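Working notes, beginning with the structure itself.
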2 protein chains.
Amino acid sequence: MNTSDRISVDLQEGVDTMSYKEDVRMIKALADENRLRILECLHHGEKCACVILEELSITQSTLSHHMKLLCDCGLVDSRKDGRWMHYSISEEGKNRFKDMFSHYLETIDSDGGCSCDKCE
Amino acid sequence: MNTSDRISVDLQEGVDTMSYKEDVRMIKALADENRLRILECLHHGEKCACVILEELSITQSTLSHHMKLLCDCGLVDSRKDGRWMHYSISEEGKNRFKDMFSHYLETIDSDGGCSCDKCE
DNA sequence: CAGATGTATTCATACTTGTCAATATATCGA
DNA sequence: TCGATATATTGACAAGTATGAATACATCTG
């Protein structure tokens, strides 16, 4: 994926600000210690909420809050089974994240000179 | 890089909480619309602060704040040239970021069953 | 149906963070 | 040396967020 691929997503109106906002929302979903722990918890497959809760030092309502953020950004899938909620990494979400990060972390070889009209 | 690679980084004491904290710090460095714009600005090579400033709708002091965060987390290198500051993506930092994200976004095939002793 | 249990929601609170104005610092040019 | 210019720092403030207690909701079990 290259720059123009992503920019083309942004149509006339929202000026491309939309894409940044959504990307920030995705990134923020990862920007928390406990949510990183939760993701590691899900590395090996689906887990139910009570198992995740035992691995963390937080209350149940806080876990529910974190799971909501992870699900809302598309990185985690949820499945309700009776009283229990099962969570797992979404393959599709995972790939969307990888693409996004690749985009911002890429560098494109060029002359590398500063295009500033003042300095240099 | 696999899970044990990263966990081995955390020695006895800080209990591995250190690694999470550092990872969160890195992720938060990306979790802002303007900082994402700055990174795109640097895709094609080194740029001086005044050029970056022209591309964003923020004041100079705000830009300075953002650049500090990006540099402190190791993703951006800075070079002072007289009055001007030149910024560029750090290749090494970029790779550290990629490794970290790969870690949290990986999934390891296994049975996938829930290890909970209550449900199912 | 009634109590127990797993999860979600609401609310209040402490903390973090993005922003700008004002100011400080550093460097250049005359 | 003195003013201009580029960047950094400080301080204040509004907005966002992680947290837990209390409570609501849903589902199971007897």
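Bear in mind the structure is a predicted one, so any value in this text is a computation, not a measurement. Basis for what follows: all heavy atoms, side chains included, without hydrogens, waters or symmetry-related copies.
Going from atom NZ of A:Lys47 over to atom C1' of C:dT7 covers 19 Å, rounded to whole Å. The distance between atom CD of A:Glu54 and atom P of C:dT7, rounded to the nearest whole Å, is 10 Å. Spacing between atom CG of B:Leu56 and atom P of C:dT19 amounts to 9 Å, rounded to whole angstrom units.
In this structure, the salt bridge (Lys or Arg N to Asp or Glu O under 4.0 Å) partners of B:Glu22, at least two apart in sequence or on a different chain, are B:Arg25, B:Arg96. Listed by chain and number, the residues in a salt bridge (Lys or Arg N to Asp or Glu O under 4.0 Å) with B:Arg83 amount to none (sequence neighbours excluded). Taking B:Lys68 as the reference, B:Asp72 meet the salt bridge (Lys or Arg N to Asp or Glu O under 4.0 Å) condition, with sequence neighbours excluded. Applying the side-chain hydrogen bond (donor to acceptor under 3.5 Å, both in side chains) test to A:Lys28 and every residue at least two apart in sequence or in another chain returns nothing. B:Glu92 meets the salt bridge (Lys or Arg N to Asp or Glu O under 4.0 Å) test with no other residue; sequence neighbours excluded. With sequence neighbours left out, the side-chain contact (heavy atoms from CB on, under 4.5 Å) criterion links A:Ser78 to A:Cys71, A:Met85, A:Tyr87. For B:His66, the side-chain hydrogen bond (donor to acceptor under 3.5 Å, both in side chains) criterion is met by B:Arg35, not counting sequence neighbours.
Distance check: B:Asp77 CG to B:Leu70 CG gives 11.5 Å after rounding to the nearest 0.5 Å.
Taking 4.0 angstrom as the limit, B:Thr62 places none of its side-chain polar atoms (N or O) nearer than this to OP1 or OP2 of C:dG18.
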> Can you give one letter per nucleotide of nucleotides 22-30 of chain C, going 5' to 3': B for a protein heavy atom under 4.0 Å from the base, S for sugar-phosphate only, - for none?
Replying inline: B----BS--
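Against DNA chain C, the stretch residues 64-74 of chain B makes heavy-atom approaches under 4.0 Å through B:His65, B:His66, B:Leu69.
Note on B:Leu63: nothing from the nucleic acid sits closer than 4.0 angstrom, heavy atoms only.
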